[in-house]
Chemist: 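Quick one: the structure is below, and I'll ask about it shortly.
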Amino acid sequence: MGKSKVLVVGGTGYVGRRIVKASLEQGHETYVLQRPEIGLDIEKVQMLLSFKKQGAHLVEASVSDHQSLVEAVKLVDVVICTMSGVHFRSHNLLVQLKLVEAIKAAGNVKRFLPSEFGMDPALMGHALEPGRVTFDEKMTVRKAIEDANIPFTYISANCFAGYFAGNLSQMGTLLPPRDKVLLYGDGNVKVVYMNEDDVAAYTIKTIDDPRTLNKTVYLRPPENILTQRQLIEKWEKLIGKQLEKSSINEQDFLASIKAQVGVGHFYHIFYEGCLTNFEIGEGGEEASELYPEVKYTRMDEYLKVYKHEKLCI
């Protein structure tokens, strides 16, 4: 059988543009949804045109126009949605329910990958408010997919390196600290850090793989399962300097959560260890075991790009 045709919804976003690139690189005929709502967003328009130059097809359709969405879906075998679930960017998870309706109506899609790419929401029923809304909405989308008998793959990609590794997991910055670093508790809880390009490469690998049909695929490559302390040590080795470390205990951290959605997620990751405190069961697969040919980026290599900036003088 040939490679599946792929439609990416949300292709100009943080994850989406990487998914488009990986799909093209792996030889899939790739379609990108072009939404009329893009308006005067020149950067998104130019990104879409760059996809076209790379060989992607642009398909105009709107999530508010059911029939246009159905026609777009009919062009492909696989639909990947990468709409943002991040509250400080745009939060569109439930918009996917309209996409589910279109996929059901089209009737031809052999795999749907909804916008997940983080913690497994099925394991986060206990999540703290207000951050649990992300997981509740993802589970609402999952229920709609499964009620409609749409074949699926869910991707649990854990911590994006751009948000969690380059800053040594510090909140409020995306750059590594030069002098002082804050540890969550003792800093010894296991976390999974992923280069976003690797997330995309693994994601595209799953779409024609019968082993991943109706399963959750966890991205947990062994050398990227690190504690916060181990991540900091890699940075210290790169810059030849020890950082001054302080710590915030669990009780004080919980008291700081208040109304911030993302802070609650930090609690579950760095105190509870929600990314690594479970074994992958029958309903799941681990990506680096399935696809050893993907040469994933180790975090010491990833951090090198930050060293060359004028950050460590």
Side-chain angles (χ1 to χ4, degrees), residues 1-39 41-85 90 92-117 141 144-145 148 150-155 157 196-210 212-213 217:
M1 292 179 65
K3 289 179 178 287
S4 290
K5 297 178 182 179
V6 179
L7 173 66
V8 183
V9 180
T12 60
Y14 185 68
V15 176
R17 62 180 181 264
R18 293 173 166 87
I19 295 287
V20 173
K21 179 174 179 282
S23 180
L24 290 168
E25 286 179 346
Q26 293 184 34
H28 293 273
E29 189 172 340
T30 304
Y31 296 75
V32 183
L33 199 71
Q34 178 180 320
R35 299 167 63 189
E37 295 87 348
I38 200 168
D41 193 330
I42 186 66
E43 291 183 354
K44 288 188 176 181
V45 170
Q46 290 181 342
M47 192 180 303
L48 287 168
L49 294 175
S50 75
F51 293 155
K52 189 174 181 181
K53 287 180 181 178
Q54 294 167 50
H57 307 280
L58 304 184
V59 184
E60 188 165 336
S62 172
V63 291
S64 60
D65 181 347
H66 174 72
Q67 194 54 42
S68 73
L69 209 53
V70 171
E71 293 305 315
V73 167
K74 284 182 177 179
L75 295 170
V76 300
D77 309 298
V78 173
V79 178
I80 303 175
C81 185
T82 59
M83 287 182 169
S84 176
S90 58
N92 298 315
L93 291 175
L94 292 183
V95 174
Q96 293 180 99
L97 295 176
K98 295 182 179 180
L99 186 55
V100 171
E101 291 172 6
I103 292 170
K104 183 179 179 181
N108 63 296
V109 168
K110 69 178 189 181
R111 197 80 64 98
F112 176 42
L113 283 68
S115 186
E116 295 218 352
F117 305 105
V141 174
I145 292 167
I150 296 169
F152 63 84
T153 297
Y154 303 139
I155 303 293
E196 292 85 339
D197 291 333
D198 295 341
V199 170
Y202 281 124
T203 297
I204 296 299
K205 286 279 186 183
T206 70
I207 62 177
D208 284 329
D209 189 344
T212 62
L213 178 63
V217 176

Chemist: So Val20 and Met47, side-chain contact (heavy atoms from CB on, under 4.5 Å) or not? Walk me through it.
Modeler: CA-CA 11 Å; Val20 173; Met47 192 180 303; over 6 Å; no
Chemist: Any idea which heavy atoms bring Ala201 and Gln26 closest together, and the distance?
Modeler: O-NE2, 3.0 Å
Chemist: Given the rule in the side-chain contact (heavy atoms from CB on, under 4.5 Å) test, do Leu75 and Lys5 qualify, once you have shown the distances and angles that lead to the verdict?
Modeler: CA-CA 8 Å; Leu75 295 170; Lys5 297 178 182 179; over 6 Å; no
Chemist: Could you please spell out the steps behind the side-chain contact (heavy atoms from CB on, under 4.5 Å) verdict for Val199 and Thr203?
Modeler: CA-CA 6 Å; Val199 170; Thr203 297; 4.1 Å; yes
Chemist: Are a donor atom and an acceptor atom from the side chains of Ser62 and Glu37 found within less than 3.5 Å of each other?
Modeler: yes
Chemist: Are Phe112 and Ile145 close enough that some pair of their side-chain heavy atoms sits under 4.5 Å apart?
Modeler: yes
Chemist: Could you go through Leu48 and Thr12, starting from their C-alpha distance and side-chain angles, then the distance that decides it, and tell me whether this counts as side-chain contact (heavy atoms from CB on, under 4.5 Å)?
Modeler: CA-CA 7 Å; Leu48 287 168; Thr12 60; 3.7 Å; yes
Chemist: May I ask you to decide if Gly10's main-chain N or O and Thr82's side chain share a donor-acceptor pair within less than 3.5 Å?
Modeler: yes
Chemist: Can a donor-acceptor pair be found, under 3.5 Å and without considering hydrogens, that links the side chain of Ser23 to the backbone of Ile19?
Modeler: no
Chemist: Without swapping roles, check the side chain of Gln54 against the backbone of Leu24 for a donor-acceptor pair under 3.5 Å.
Modeler: no
Chemist: When you measure from the side chain of Gln46 to the backbone of Glu43, do you find a donor-acceptor pair of N or O atoms at a distance under 3.5 Å?
Modeler: no
Chemist: Please name the pair of heavy atoms, one in Lys104 and one in Ala148, separated by the smallest distance, quoted to 0.1 Å.
Modeler: CD-CB, 3.8 Å
Chemist: Are Glu116 and Ile155 side-chain neighbours, meaning at least one heavy-atom pair lies under 4.5 Å?
Modeler: no
Chemist: Minimum heavy-atom separation for Lys110 to Ser4, with atom names?
Modeler: CE-OG, 2.7 Å
Chemist: Taking the side chain as everything from C-beta on, heavy atoms only, tell me whether Val8 gets closer than 4.5 Å to Phe51.
Modeler: no
Chemist: So how far is it from Ile204 CD1 to Lys21 NZ, rounded to the nearest 0.5 Å?
Modeler: 11.5 Å
Chemist: If you compare all heavy atoms of Ala61 against all heavy atoms of Ala72, which two are closest, and at what distance to 0.1 Å?
Modeler: CB-CB, 4.1 Å
Chemist: Would you call Asp197-Arg18 a salt bridge at under 4.0 Å N-O?
Modeler: yes
Chemist: Drop me the distance from Cys81's SG to Leu7's CG, to the nearest 0.5 angstrom.
Modeler: 9.0 Å
Chemist: Between Ala144 and Val100, what is the shortest heavy-atom contact and its length?
Modeler: O-CG1, 3.8 Å
Chemist: Find the distance between CD (Glu71) and CD (Glu60) and round it off to the nearest 0.5 Å.
Modeler: 14.0 Å
Chemist: Which atom names give the shortest non-hydrogen contact between Val109 and Pro151, and what distance separates them?
Modeler: O-CD, 3.9 Å
Chemist: Identify, with sequence neighbours excluded, every residue that meets salt bridge (charged side-chain N to carboxylate O under 4.0 Å, His left out) alongside Asp65.
Modeler: none
Chemist: Any heavy-atom pair between the side chains of Thr153 and Ile207 that's under 4.5 Å?
Modeler: no
Chemist: Side chains of Thr212 and Thr206 only: does a donor on one sit below 3.5 Å from an acceptor on the other?
Modeler: no
Chemist: Side chains of Val141 and Leu99: closer than 4.5 Å at any heavy-atom pair?
Modeler: no
Chemist: Tell me if a side-chain donor or acceptor on Asn108 pairs with a main-chain N or O of Val76 at a distance below 3.5 Å.
Modeler: yes
Chemist: Has the side chain of Lys3 got a donor or acceptor atom that lies under 3.5 Å from a matching backbone atom of Asp208?
Modeler: no
Chemist: What distance do Gln96 atom CD and Met83 atom CE have between them, rounded to the nearest 0.5 Å?
Modeler: 7.0 Å
Chemist: Look up atom CD1 in Ile80 and atom CZ in Phe117, then write down how far apart they are to the nearest 0.5 Å.
Modeler: 6.5 Å
